[in-house]
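Below: one structure, written as structure tokens.
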Amino acid sequence: MKQRVRYAVEPRSWLGWGATGLMILAMALRLIWWIGWSRDWEAGMWVTQALLPMLSCLLFIAALQRFGLTALWTTFIPVMLGVLFFILKADSFVWWHRLLCTLLYLVVAVLYGLAVFGLPIRALLIPLFALPLAFHLLVENLAIHKAAYSAAEWLQEGSVLCIMAALLCTALAMKRQALE
């Protein structure tokens, strides 16, 4: 008889703490950005660019810390909120960049969901999170933009990078557990 397995993350491992700390930092950067640069915002912008990513991070932290060992699938809802945030954020990109990013975010949604609900595909998540993170750091930030970002843009980008790194830490921390 084939034994059923699931993934779990030890929230108090260094990778679990890393994921949590990066999500806290993402929230803090987003909050500083919102406080400092949100005076002329419409209500929809406040919800999609500030509240949604901070809520996603907060719920992810709570789910990982409370259920990382027993029900990692609870992190799926905050990740889906994060995917929604990233898709809405991509609305300002040129059409081909928006399309590529939206496809990537949907792949993240599907593969992350399949992994946390029990399919043994953790190995696919690592490059799925690592490669876009590396691209953002090495190509977009260092090669293209360098010092061209304003403080507000650096806070937003830093928040996004922290979320991506937190998901990478989570994928690296996933361990298979046999279900009884």
Do the non-hydrogen side-chain atoms of [X] and [Y] ever get within less than 4.5 Å of each other?
| X | Y | result |
| --- | --- | --- |
| M27 | L58 | yes |
| K175 | V9 | no |
| V108 | F129 | yes |
| M164 | V160 | yes |
| L167 | L128 | no |
| T75 | T170 | no |
| C169 | L22 | yes |
| V110 | L106 | no |

If you round to the nearest 0.5 Å, how far is [atom2] of [Y] from [atom1] of [X]?
| X | Y | atom1 | atom2 | result |
| --- | --- | --- | --- | --- |
| I24 | I61 | CD1 | CD1 | 4.5 Å |
| L168 | I163 | CG | CD1 | 14.0 Å |
| I126 | I121 | CD1 | CD1 | 11.5 Å |
| T48 | I87 | OG1 | CD1 | 13.0 Å |
| T20 | L64 | OG1 | CG | 4.5 Å |
| L55 | F60 | CG | CZ | 13.5 Å |

At their closest point, which heavy atom of Y105 faces which heavy atom of F93, and how far apart are they?
OH-CE1, 4.5 Å
Distance-minimising heavy-atom pair for L15 and A173:
CB-CB, 3.6 Å
Transitive ILVMFWY side-chain link [X] to [Y], under 4.5 Å:
| X | Y | value |
| --- | --- | --- |
| L172 | W14 | yes |
| L131 | V79 | no |
| L100 | V83 | no |
| I77 | V47 | no |
| L111 | L133 | yes |

May I ask you to establish whether R30 and W33 are in a cation-pi arrangement, using a distance under 6.0 Å from NZ or CZ to the six-membered ring centre and at most 45° from the ring axis?
yes
For E10, the side chain to side chain donor-acceptor pair (under 3.5 Å) test, sequence neighbours excluded, returns none
Could you walk me through whether L29 and Q156 pass the side chain to side chain contact (heavy atoms under 4.5 Å, CB included) test, one step at a time?
CA-CA 7 Å; L29 293 171; Q156 293 174 69; over 6 Å; no
What verdict does the side chain to side chain contact (heavy atoms under 4.5 Å, CB included) test give for R6 and W73, after you've listed the backbone C-alpha separation in whole Å, the side-chain angles of each residue and the deciding distance to 0.1 Å?
CA-CA 9 Å; R6 70 165 182 233; W73 62 266; over 6 Å; no
Parallel, tilted or perpendicular: which describes the rings of Y112 and F76, with under 30° parallel and over 60° perpendicular?
parallel
Donor-acceptor pair, side chain of [X] and main chain of [Y], under 3.5 angstrom:
| X | Y | result |
| --- | --- | --- |
| R122 | M174 | yes |
| E153 | S150 | yes |
| S56 | L52 | no |
| R98 | D91 | yes |
| S159 | L155 | no |

Is the CG atom of L51 crowded by more than 12 outside heavy atoms at less than 6.0 Å?
yes
Are there over 12 heavy-atom neighbours, none belonging to R12, within less than 6.0 Å of that residue's CZ?
yes
Near-ring test W46/W34, centroid separation under 6.0 angstrom:
yes
